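Contents: one structure, followed by commentary.
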Amino acid sequence: MADIQEKVAKLCPDAQFDTTGELLLVTVPDEKWHDLAKALKEQLGFDYLNAVVGVDWKDSLGCMYYLTNTETQDMLHVKVATTDRETPRLHTVSDLWAVANFQEREVYDFFGIEFINHPDMRRFFLRTDWVGHPLRKDYDADEKLNPIRLSAEPNEDDTYSLVEDQQGNVNRVEKKVFGPDEYVINIGPQHPSTHGVLRYRTSIDGELVKKVDVVSGYIHRGIEKMSESLTYQQCLLYSERMDYMSAHMNRHCLCLCIEKALGIEVPHRAELIRMMMDELMRLSSHLLSYGCLTMDQGATTAFFYPFRERELIYDIFDKNCGARMSMSYDTIGGVTMDVQPDFVTDVRHACDVIEAHIPEYHKLFSGNVIALGRMKGTGVLTKEQAINYAVGGPTGRASGFHCDVRKTHPYSLYNEVDFDEVVYNNGDSYDRYMLRLKEMEQSIKILRQCCDMMDKEEGNEYCAKVPKLIKLPKGHWYQQVEASRGPIGVYIESDGDPKPFQKPYRLHYQSPCFNLIGVVDLTCKDNLIADLITITASLDYVIPDIDR
């Protein structure tokens with residue numbers, strides 16, 4: 001990191017550095033930020049924007065930008081802030097990393113920070129008539145300001161940009177989302193193939209899609225805001241309520257972040273159990289993805305087949321965790337209880353059954369002439385676009401992007417098992433579909449190795465000794481794990497509050513599905529309206545993971 005610090009110092013002499021944390025922290029004035037960001041991407045190779053985290057530090061408002069060089073896997077983070085709380089403004093980097101488009105809109109929604117030169121400065125989750133910005137520390141939570149509104153929210157046809165000229169003057173430019181001659185239809189929020197309450201305002205020309213405006217926030221529950229009034233143990237519960245098909249991974253990620261902050265060493269057996277639960281969860285998720293994608297294309301028979309095998313996995317969860325969904329199994333320091341004596345036997349049996357049925361899934365659908373016609377060459381996402389939009393997981397790997405966090409930034413015990421990162425290159429709906437079936441084979445391979453490790457595991461320590469009252473030191477931490485749909489990131493900032501029941505100063509979830517909907521317009525444009533359903537099904541997003 002010393003080499004990177006030296007290079008950044010030459011690029012931006014005004015930058016300040018902090019090397020005391022887990023990553024190099026670069027603090028830069030906003031007026032220098034865009035130039036430095038451009039140099040970081042084009043000269044130093046930081047081409048992947050992991051997360052944009054809005055934070056209210058009371059004396060200032062700003063963002064933490066987490067960046068990765070996908071060639072070397074080096075990471076750093078940059079802090080940019082403003083002391084103007086009345087009209088807070090920062091410069092956008094959405095022209096450099098396309099993923100920042102939606103992420104900066106989220107920051108604007110919850111912190112009120114406007115981004116200069118951003119193309120579409122609208123709220124993303126909250127209604128246009130919402131008063132205030134909820135994640136600010138001076139937010140007025142009086143219910144009278146934001147009563148439950150029974151009227152429908154008007155369509156947001158108006159937006160604006162803050163355009164900066166060469167003299168540094170910033171002018172507000174009014175814009176329209178759709179032109180007066182565009183024919184716009186609604187898909188959702190009550191459409192079965194949007195897989196939840198998500199709405200696409202879709203401009204079409206005949207049967208061709210010209211533009212998709214994503215409207216989200218219908219089930220936004222304010223998990224990050226609620227976490228500010230909860231202890232760290234209580235926050236664990238809500239991590240499972242986002243992508244419920246990545247419940248174990250999400251909770252695992254939050255536990256790892258807290259354990260990193262506390263310096264807790266998790267017992268080997270506990271980490272092994274966690275990893276096995278994660279891979280069982282991945283299998284269950286990919287089985288559901290297969291069923292939903294096939295059903296969306298009319299293959300109702302294929303839809304029912306994977307549910308047989310998912311029952312085996314849910315039986316394992318039920319027997320060992322006490323619940324089929326929202327298992328609440330991972331805890332700070334390990335897992336809440338040891339597995340049952342027949343756990344390894346059950347896992348081996350589930351692996352054998354699922355592996356035996358994968359050829360049946362292919363026979364039912366993979367070679368079907370209608371499926372091939374609808375998926376091959378449809379909704380293409382290139383490798384460069386996947387990196388630019390920070391789309392990882394199966395969708396990114398189907399575009400040739402080597403992005404599996406289990407390989408790039410190993411955590412848990414993934415460096416102790418042998419498995420392949422499945423990567424395809426066409427980036428279309430068919431490759432995204434096929435990749436998940438191939439990944440199931442790798443999850444089975446991992447689980448069988450874990451079963452062998454469990455047979456040899458000595459001792460039965462399933463949780464480290466942790467304080468009853470969790471208090472993190474002052475600082476901030478970021479952790480990623482490979483969830484079912486891509487990397488989930490957890491950002492924690494602690495103010496070191498000495499009170500017994502310490503609460504997170506800031507807790508942010510960088511969800512993979514939020515990035516996935518960022519490419520809906522890109523992948524659907526100039527495809528048939530009927531193909532929109534195929535494309536979005538192959539992206540495999542989960543709505544609560546978007547809304548949080």
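One is the number of the first residue; the rest follow in order along the sequence. Being a predicted model, the structure only gives us computed values, none of them experimental.
Within 6.0 Å of atom CD in Glu265, 12 or fewer heavy atoms from other residues, nucleotides or ligands are found, so the atom counts as exposed in its surroundings. Environment of CD in Gln166: sparse, with no more than 12 heavy atoms of neighbouring residues, nucleotides or ligands closer than 6.0 Å. Environment of NZ in Lys38: sparse, with no more than 12 heavy atoms of neighbouring residues, nucleotides or ligands closer than 6.0 Å. Residue-environment remark: NZ (Lys525) stays at or below the threshold of 12 foreign heavy atoms within 6.0 Å. For NZ of Lys58, the number of neighbouring non-hydrogen atoms (other residues, nucleotides, ligands) closer than 6.0 Å is 12 at most. Around atom NZ of Lys41, more than 12 heavy atoms belonging to other residues, nucleotides or ligands sit under 6.0 Å away.
Side chain of Ser494 to main chain of Leu472: a donor-acceptor pair is present (N/O by atom type, distance under 3.5 Å, no hydrogens or angles). Counting only distance, with no hydrogens or angles, the side chain of Arg201 and the backbone of Val212 share no donor-acceptor pair below 3.5 Å. Side-chain atoms of Arg282 do not come within 3.5 Å of backbone N or O of Met249 as any donor-acceptor pair. A donor-acceptor pair under 3.5 Å is formed between the side chain of His409 and the backbone N or O of Gln73. Side chain of Asp545 to main chain of Cys513: a donor-acceptor pair is present (N/O by atom type, distance under 3.5 Å, no hydrogens or angles). With Arg485 contributing its side chain and Tyr541 its backbone, the two residues share no donor-acceptor pair below 3.5 Å. Arg397 places no side-chain N or O within donor-acceptor distance of the main-chain N or O of Gly392, the cut-off being under 3.5 Å. The main-chain N or O of His118 is never found under 3.5 Å from a side-chain atom of Ser94 such that the two would form a donor-acceptor pair. Side-chain atoms of Arg105 do not come within 3.5 Å of backbone N or O of Asn101 as any donor-acceptor pair. In this structure, Ser484 contributes its side chain and Met245 its backbone to a donor-acceptor pair below 3.5 Å.
A salt bridge links Arg149 with Asp129: the closest approach of a Lys/Arg side-chain nitrogen to an acidic carboxylate oxygen falls below 4.0 angstrom. A salt bridge links Lys7 and Asp3; the closest N-O separation between the charged side-chain nitrogens and carboxylate oxygens is under 4.0 Å. Taking 4.0 Å as the cut-off between side-chain N and carboxylate O, Glu271 and Arg274 count as a salt-bridged pair. Note on Glu182 versus Lys176: no salt bridge recorded, every NZ/NE/NH1/NH2 to OD/OE distance being 4.0 Å or above.
For the side chain to side chain donor-acceptor pair (under 3.5 Å) with Gln480, the lone residue among Asn50, Thr68, Thr408 that qualifies is Asn50. None of Ile4, Val8, Leu25, Thr27 except one satisfies the side chain to side chain contact (heavy atoms under 4.5 Å, CB included) rule with Phe17; the exception is Val8. If you run ring pair (Phe, Tyr, Trp, His ring centres under 6.0 Å) between Phe102 and each of Tyr389, Tyr108, Phe115, Phe124, only Phe124 comes through. Between Val170 and the options Glu164, His91, Glu114, a side chain to side chain contact (heavy atoms under 4.5 Å, CB included) holds for only Glu164. Just one residue in the list Glu416, Glu482, Glu421, Glu279 forms a salt bridge (Lys or Arg N to Asp or Glu O under 4.0 Å) with Arg406, and that residue is Glu279.
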Between Tyr509 and Phe514, is the side chain to side chain contact (heavy atoms under 4.5 Å, CB included) condition met? List the steps. CA-CA 10 Å; Tyr509 295 100; Phe514 188 39; over 6 Å; no

Set out, in order, the CA-CA distance, both residues' side-chain angles and the distance that settles salt bridge (Lys or Arg N to Asp or Glu O under 4.0 Å) for Glu224 and Arg548, then state yes or no. CA-CA 8 Å; Glu224 294 179 13; Arg548 287 162 281 143; 3.3 Å; yes

Working for ring pair (Phe, Tyr, Trp, His ring centres under 6.0 Å), residues Tyr48 and Phe401: CA-CA 11 Å; Tyr48 188 86; Phe401 179 24; 5.7 Å; yes

Please lay out, stage by stage, how Leu49 and Leu96 fare under the test side chain to side chain contact (heavy atoms under 4.5 Å, CB included). CA-CA 10 Å; Leu49 178 57; Leu96 301 173; over 6 Å; no

Verdict with supporting geometry, Thr92 and Asn117, side chain to side chain donor-acceptor pair (under 3.5 Å): CA-CA 6 Å; Thr92 185; Asn117 296 324; over 6 Å; no

Yes or no on side chain to side chain contact (heavy atoms under 4.5 Å, CB included) for Arg506 and Leu135, after CA distance, side-chain angles and deciding distance? CA-CA 9 Å; Arg506 177 77 171 103; Leu135 288 180; 3.9 Å; yes

Do Thr82 and Arg89 pass the side chain to side chain contact (heavy atoms under 4.5 Å, CB included) test, and can you show the C-alpha distance, the side-chain angles, and the key distance before you say yes or no? CA-CA 7 Å; Thr82 175; Arg89 290 177 176 176; over 6 Å; no

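Here side chain to side chain donor-acceptor pair (under 3.5 Å) pairs that include residues 466-477, with residues two or more places apart or in two chains, are His77-His476. For residues 488-503, there are no salt bridge (Lys or Arg N to Asp or Glu O under 4.0 Å) pairs, not counting sequence neighbours.
Side-chain contact between Ile535 and Arg432 is present, with at least one heavy-atom pair separated by less than 4.5 Å. You'll find the side chain of Gln233 reaches within 4.5 Å of the side chain of Ile470, heavy atoms only. Between Ser511 and Met242 there is no side-chain heavy-atom pair separated by less than 4.5 Å. Here the side chains of Asn527 and Val209 are not in contact, with every heavy-atom distance at 4.5 Å or above. A heavy-atom distance below 4.5 Å is found between the side chains of Arg136 and Pro88. Counting heavy atoms from C-beta on, the side chains of Leu24 and Thr19 come closer than 4.5 Å. Contact of the Trp33 side chain with the Val78 side chain is registered, since non-hydrogen atoms from C-beta on lie closer than 4.5 Å. Side-chain contact check for Ile492 versus Leu254: some heavy-atom pair is nearer than 4.5 Å.
Tyr478 does not carry Lys260 over the face of its six-membered ring by the limits of under 6.0 Å from the centre and within 45° of the normal. Both cation-pi conditions hold for Arg172 and Tyr160: the charged atom is under 6.0 angstrom from the six-membered ring centre and inside a 45 degree cone around its axis. In this structure, Arg221 fails the cation-pi test against Tyr238, since its NZ or CZ atom is not both closer than 6.0 Å to the six-membered ring centre and inside 45 degrees of the ring normal.
In this structure Lys79 satisfies the salt bridge (charged side-chain N to carboxylate O under 4.0 Å, His left out) test with no other residue, sequence neighbours excluded. Evaluation of the salt bridge (charged side-chain N to carboxylate O under 4.0 Å, His left out) rule for Asp14 yields Lys32 as partners, not counting sequence neighbours. Under the salt bridge (charged side-chain N to carboxylate O under 4.0 Å, His left out) criterion, Asp30 pairs with no residue, sequence neighbours left out. Listed by chain and number, the residues in a salt bridge (charged side-chain N to carboxylate O under 4.0 Å, His left out) with Asp84 amount to none (sequence neighbours excluded).
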